[in-house]
*Asks:* 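If you scroll down you'll find the structure; I have some questions about it.
Values in this document were obtained by computation on a predicted structure and should not be read as measured data. A, B, ... follow the sequence lines: proteins, then strands. Residue 1 opens every chain. All values below were derived from every heavy atom in this structure, side-chain atoms included, with hydrogens, water molecules and symmetry-related copies excluded.
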Number of protein chains: 2
Amino acid sequence: MNAWEILERKSIRATPARKSILEVLLKERCPLSYREVAARLPEGQDRVTLYRTLLLLFKEGIVHRVLDMKGTWRFCAHDSGHPGCPGNHPHFACRVCGRMECLIGSNLPFVEVEPGTEVEGKHMVIYGVCRDCLVKRTKKRGAGSL
Amino acid sequence: MNAWEILERKSIRATPARKSILEVLLKERCPLSYREVAARLPEGQDRVTLYRTLLLLFKEGIVHRVLDMKGTWRFCAHDSGHPGCPGNHPHFACRVCGRMECLIGSNLPFVEVEPGTEVEGKHMVIYGVCRDCLVKRTKKRGAGSL
DNA sequence: TACCTCCCCGCAACACTGTTGCATTTACCC
DNA sequence: GGGTAAATGCAACAGTGTTGCGGGGAGGTA
């Protein structure tokens with residue numbers, strides 16, 4: 001399903017700004033910060049419109065969002081082929097390149113809370129160094145020690 | 001163990017600012033934001049010093065920190081009676097009052113990541129409405145319907 | 001087609017968290 | 001008590017995210 005169809009199905013006006021923002025998220029399958037989305041949009045896109053659109057897409061359930069280790073929101077769209085989407089999975093954040101990935105394979109585990117508490121959702125971020133950055137680091141070390 | 005002893009044991013200069021900040025965290029057992037810590041300190045405490053001190057306490061392993069649902073760091077000190085402290089447990093964040101609690105009872109669950117990835121840590125936040133806020137809400141509704 | 005209304009967009013301004021550089025002051029060791 | 005390295009306070013900055021407001025465009029109605 002493309003951006004236009006998704007917006008149409010939710011009865012949201014498919015304006016150029018919304019279409020292009022959603023297209024960016026549909027293309028990149030990992031959670032992007034507002035800054036990363038902006039970098040993939042034609043220059044001149046208003047900052048506030050981008051924020052508002054991301055929030056709209058989130059509230060409509062079209063994308064999910066997760067906080068990275070810097071405290072900024074990242075937004076991600078998966079098509080409906082993934083059960084439990086949007087959002088019901090842990091995420092991995094690379095400390096080196098800052099990239100984040102959805103760990104689609106596993107669902108968020110159950111955690112017991114104090115009785116009488118109303119649970120609305122949960123977030124889980126695993127952080128460390130991704131494979132690409134580990135490889136780069138190893139290569140650098142190798143070159144340096146020659 | 002009091003603040004002075006903790007700092008002494010880690011060979012950190014026990015300045016008044018550090019002692020009072022650590023005392024606040026030792027007293028309140030739930031993760032506090034810089035703003036909440038500042039509110040519990042005598043007025044006039046410098047913002048930057050507070051940030052630097054919180055970061056120092058975290059890096060020294062005296063406190064742990066966790067991101068709340070607004071993307072701000074919260075710092076928390078537990079004494080060493082808790083196994084896996086500091087930090088190896090999920091947290092609960094109340095959407096209404098903003099308060100956060102440590103779910104000391106359970107450890108962070110294992111999650112499988114892509115092979116070749118280096119995992120350094122993980123964060124888990126369960127969000128919803130805490131018991132106190134639920135009670136208040138119920139009372140309000142009750143009063144309104146009379 | 002003309003009009004009208006609602007919603008989207010862009011701009012300006014703001015609040016807040018967190019960081020950096022630098023000069024001054026302080027705690028600790030001798 | 002003096003010297004030194006570290007801690008503090010101040011000013012300034014960067015970045016994220018929000019709010020208010022006016023203009024303009026899309027879509028519906030007559």
*Asks:* When you get a sec, tell me which of C:dC11, C:dC8, D:dG17 is the closest nucleotide to the side chain of A:Y51?
*Replies:*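 Of C:dC11, C:dC8, D:dG17, D:dG17 is nearest to the side chain of A:Y51.
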
*Asks:* Distance check needed: C:dT17 P versus B:R65 CZ, whole Å only.
*Replies:* 15 Å

*Asks:* Do B:R47 side-chain and D:dG9 base share a donor-acceptor contact under 3.5 Å?
*Replies:*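 Answer is no: no donor-acceptor pair is held.
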
*Asks:* Nearest to the A:R52 side chain among D:dT8, C:dG10, D:dG17, which nucleotide is it?
*Replies:* C:dG10

*Asks:* Please answer: with hydrophobic residues joined when any side-chain heavy atoms are less than 4.5 Å apart, are A:V129 and B:V113 in the same cluster?
*Replies:* no

*Asks:* Within this structure, what is the CG-to-P distance between B:L54 and C:dG18, rounded to whole angstrom?
*Replies:*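 Checked: the CG to P distance equals 9 Å.
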
*Asks:* Quick one: are A:R65 and A:R74 in side-chain contact, heavy atoms under 4.5 Å?
*Replies:*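 Side-chain contact under 4.5 Å: no.
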
*Asks:* With respect to the phosphate group of D:dT8, does any side-chain polar atom (N or O) of B:Q45 fall under 4.0 Å of OP1 or OP2?
*Replies:* no

*Asks:* Can you tell me which nucleotide in C:dC9, D:dG17, C:dT17 comes closest to the side chain of B:R35?
*Replies:* C:dT17

*Asks:* For DNA chain C, whose closest nucleotide is more 5', that of A:D46 or that of B:L67?
*Replies:*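 That would be A:D46.
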
*Asks:* Could you tell me the separation between the CG atom of B:L55 and the C1' atom of C:dT17, rounded to a whole number of Å?
*Replies:* 13 Å

*Asks:* Do A:L25 and A:C76 come close enough that some side-chain heavy atom pair is under 4.5 Å?
*Replies:* no

*Asks:* Report which part of the nucleic acid A:T72 touches: base, sugar-phosphate, or nothing (heavy-atom distance under 4.0 Å, all strands).
*Replies:* sugar-phosphate

*Asks:* In this structure, how many angstroms lie between the P atom of D:dT8 and the CD1 atom of B:I21, rounded?
*Replies:* 7 Å

*Asks:* Roughly how many Å is it from CD1 in B:I12 to C1' in D:dT8, rounded to a whole number?
*Replies:*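 It works out to 16 Å between those atoms.
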
*Asks:* Tell me: NZ of A:K19 to P of C:dC9, nearest whole Å?
*Replies:* 11 Å

*Asks:* With distance as the sole criterion, is a donor-acceptor pair present between the side chains of A:H123 and B:H91 under 3.5 Å?
*Replies:*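 Short answer, no.
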
*Asks:* May I ask you to evaluate whether B:T15 reaches the phosphate of D:dA6, defined as a side-chain N or O under 4.0 Å from OP1 or OP2?
*Replies:*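 Answer no for this pair, as no side-chain N or O of B:T15 is under 4.0 Å from OP1 or OP2.
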
*Asks:* Roughly how many Å is it from OH in A:Y34 to C1' in D:dT18, rounded to a whole number?
*Replies:* 13 Å

*Asks:* Between B:W73 (CH2) and C:dT19 (P), how many Å, whole number?
*Replies:* 10 Å

*Asks:* Is any side-chain nitrogen or oxygen of A:R13 closer than 4.0 Å to OP1 or OP2 of D:dG27?
*Replies:*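 For A:R13, the contact criterion (side-chain N or O under 4.0 Å from OP1 or OP2 of D:dG27) is not met.
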
*Asks:* Taking the ring centre of each residue, are B:F92 and B:Y127 less than 6.0 Å apart?
*Replies:*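 Not close enough - the centres of the two rings lie 6.0 Å or further apart.
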
*Asks:* Counting side-chain heavy atoms from CB outward, which of C:dT20, D:dT8, D:dT18 is closest to A:V48?
*Replies:* D:dT18

